[in-house]
Amino acid sequence: MKKIFLNNIVVRDNNLSDYEMAIYIALRSLYDSQRDLQYITYNSIVFELYSHLQISRRSMNHIKVALNTFIEKGLIKKIDAFSTTEFIVDMSNLHFEQNTGKGIFYTVITLEEVRRIMNIDTKKDNFAILRYFIILISSICHDKGTYNHSVGCEEHTDFVGFMTLDTLADWCGTTKARIIEYNSILEAEKIIYIYRHMQHKKDQETGQIMSFSNHYGRYEDKQWIVQFANEYVSTFKLKETETLVKAEKSKINKRYAAIYNLLSWDFDKYIGNYSDAELIETYKYIHSKNICNEKKLNDTDEGSSAYDDIFDKIKNEDLFDNIPCVVDYVNRKVEKKRNMEKRKRNLVNAISDDNWGEPTSMEQDFSIEEMLDMPTGCDVKMNLPSLANAGCVEQDEPCKNDTHGEDNHGLFAVSERNLDIIGLDELY
């Protein structure tokens, strides 16, 4: 695995374009300190960056212009030319040695990393992504690390960075929004790993909330980055007035938005990079945003610029139909809602039902003669002296049951002459 050593003074020079930075990387890879003069071509630059020559005409034009600009700026000297594409150059100006006393530091990347980035199939500019990757790696702290407890607590360093997005964007000469996009692409390609803290520190007196910077590095150092980030929070010295709180939702949602964008760009390529939990949370975020925007549309005049702006923010959710874990989640939500509505209907019906059924007109069930023969209210004695006497037949003293004690199952007192009218079995 070939290593490429880059001067940080050049790496963070915003006067160089993204394309000129790529030329610098390719030339540093080709550079041989044992030679005064070297032979290069446009194609040799292309091959160093891509490992093949099948690139777009647009990318080739960028490389040609950037190399000529590099020469014009005196970063290399053109000594001779064999043709319009072949040159003899002096690259001695690319030589440097680390000198911490003079503030000269270097960043090490590999040729494999360069080629992986330049061959990413993306709508974004690969040259810009490559430059950002170099900046990101250059920000790794060399004297911070953790301990490898599996080999006798040996210290493991030079793998983790924690600069803010604002700082990285400033060093790249770009915006935080672009940085977030580049992070998502490099993460999806498993070139870098970013640990996003789920907690913030909050000052209980002022209410001010401060976030912990993300911890990041190469993907192959993932386990060390996670270990370092967790140790950092656990050993962080909070003030007496500070406490840890959950990170704000907006920071997490940006991650889900980036995942959706990658899945929309190339579903088959990126779907395997995310866990079921991440995919479900991505769906929940996109779906909730769509609902909010659809509600806004109802309150906006159709055909207006505001309407068009809101409409453009509504995302296509069809891609989630091809994600089994999301489909299962949606089905469970639908079934849960259906069961809830069913329980509500049953409860409403139960409340409205008096348990006596619909009233029946006596004229429909009895003849006039039958009704005249029925006993009047005075024929039935309704004696309710007390619950203690319930069930007794014309007795003033409570009934006693030798085996079970008091018999208090009944509620009516019935005279002997009415026993043929009211069946005793019906009372129980």
Side-chain angles (χ1 to χ4, degrees), residues 18 113 116-137 139 161-172 174-200 211-219 222 225-226 229 246-293 312-323 325-326 329:
D18 297 335
E113 289 171 333
R116 284 183 64 190
I117 293 172
M118 293 305 293
N119 283 293
I120 294 175
D121 184 11
T122 176
K123 293 180 180 178
K124 302 302 177 182
D125 191 341
N126 296 72
F127 292 91
I129 298 174
L130 176 61
R131 182 187 198 137
Y132 169 66
F133 174 74
I134 305 303
I135 291 292
L136 191 74
I137 298 303
S139 69
F162 36 81
M163 292 296 177
T164 65
L165 290 176
D166 288 319
T167 299
L168 295 173
D170 183 60
W171 286 353
C172 286
T174 186
T175 63
K176 287 174 59 175
R178 287 288 177 85
I179 295 298
I180 293 171
E181 291 176 341
Y182 298 160
N183 278 339
S184 298
I185 293 171
L186 292 171
E187 283 182 280
E189 296 292 331
K190 295 186 177 180
I191 296 174
I192 66 171
Y193 175 78
I194 300 177
Y195 183 94
R196 295 172 174 82
H197 291 274
M198 303 303 290
Q199 291 179 311
H200 286 172
S211 62
F212 293 107
S213 297
N214 294 336
H215 286 84
Y216 53 80
R218 288 180 166 91
Y219 188 84
K222 175 181 177 180
I225 297 170
V226 173
K246 188 176 181 180
E248 75 272 12
K249 194 69 176 177
S250 60
K251 183 177 181 180
I252 302 172
N253 287 341
K254 290 177 181 179
R255 165 72 170 156
Y256 299 140
I259 291 176
Y260 174 83
N261 290 335
L262 288 174
L263 293 177
S264 299
W265 167 243
D266 195 328
F267 183 88
D268 294 333
K269 181 177 181 180
Y270 295 113
I271 185 61
N273 293 337
Y274 306 108
S275 65
D276 287 356
E278 288 176 312
L279 294 170
I280 291 172
E281 290 301 321
T282 298
Y283 162 77
K284 289 165 63 177
Y285 171 68
I286 296 298
H287 184 65
S288 64
K289 291 291 288 184
N290 280 346
I291 291 176
C292 291
N293 286 322
D312 290 339
K313 294 178 181 178
I314 297 177
K315 306 296 184 182
N316 186 351
E317 297 183 22
D318 290 348
L319 64 85
F320 294 110
D321 294 341
N322 298 318
I323 305 178
C325 64
V326 174
Y329 168 80

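Just the heavy atoms: all of them, side chains too, but no hydrogens, waters or symmetry mates, feed the values below. The first residue of the sequence shown is numbered 1, and numbering continues consecutively from there.
Heavy atoms from other residues, nucleotides or ligands lying under 6.0 Å from CZ of Arg116 number more than 12. The environment of NZ in Lys289 is sparse: at most 12 heavy-atom neighbours from other residues, nucleotides or ligands sit within 6.0 Å.
The pair Lys124-Glu181 counts as a salt bridge, with a side-chain nitrogen and a carboxylate oxygen less than 4.0 angstrom apart.
Minimum interatomic distance between Lys315 and Ile286 (heavy atoms only, all atoms of both residues): CB-CG2, 3.7 Å. Ser184 and Leu262 get closest at one heavy-atom pair: O-CD1, 3.3 Å. Between Ser139 and Met163, the closest heavy-atom pair is CB-CG, 3.8 Å. Here the closest heavy-atom approach between residue Leu319 and residue Tyr260 is recorded as CD2-CE1, 3.6 Å. Pairing each heavy atom of Ile120 with each of Lys269, the nearest pair is CG2-NZ, 4.3 Å. The minimum heavy-atom distance between Lys313 and Asn290, with the atom names listed, is O-OD1, 4.2 Å.
How far CG of Asn183 is from CD1 of Ile191: 11.5 Å, rounded to the nearest 0.5 Å. Rounding to the nearest 0.5 Å places CG of Asp268 at 10.0 Å from CG of Leu263. In this structure, CD1 on Ile179 lies 7.0 Å from CG on Leu165, to the nearest 0.5 angstrom.
Side-chain N/O atoms of Asp18 and Tyr132 include no donor and acceptor closer than 3.5 Å. For the residue pair Tyr219 / Glu187, no side-chain donor-acceptor distance below 3.5 Å is found, with atom types taken as modelled.
Here the side chain of Asn126 pairs a donor or acceptor atom with the backbone of Ile117 at under 3.5 angstrom. Remark: the backbone N or O of Ala188 is paired with a side-chain donor or acceptor of Asn273 at under 3.5 angstrom. Trp171 places no side-chain N or O within 3.5 Å of a backbone atom of Leu136 that could act as its donor or acceptor partner.
Aromatic ring orientation, Tyr256 versus Tyr285: tilted (interplanar angle from 30° to 60°).
Here the side chains of Asp276 and Tyr329 are not in contact, with every heavy-atom distance at 4.5 Å or above.
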The test is side chain to side chain contact (heavy atoms under 4.5 Å, CB included); show your working for Leu279 and Phe320 and say whether it passes. CA-CA 9 Å; Leu279 294 170; Phe320 294 110; over 6 Å; no
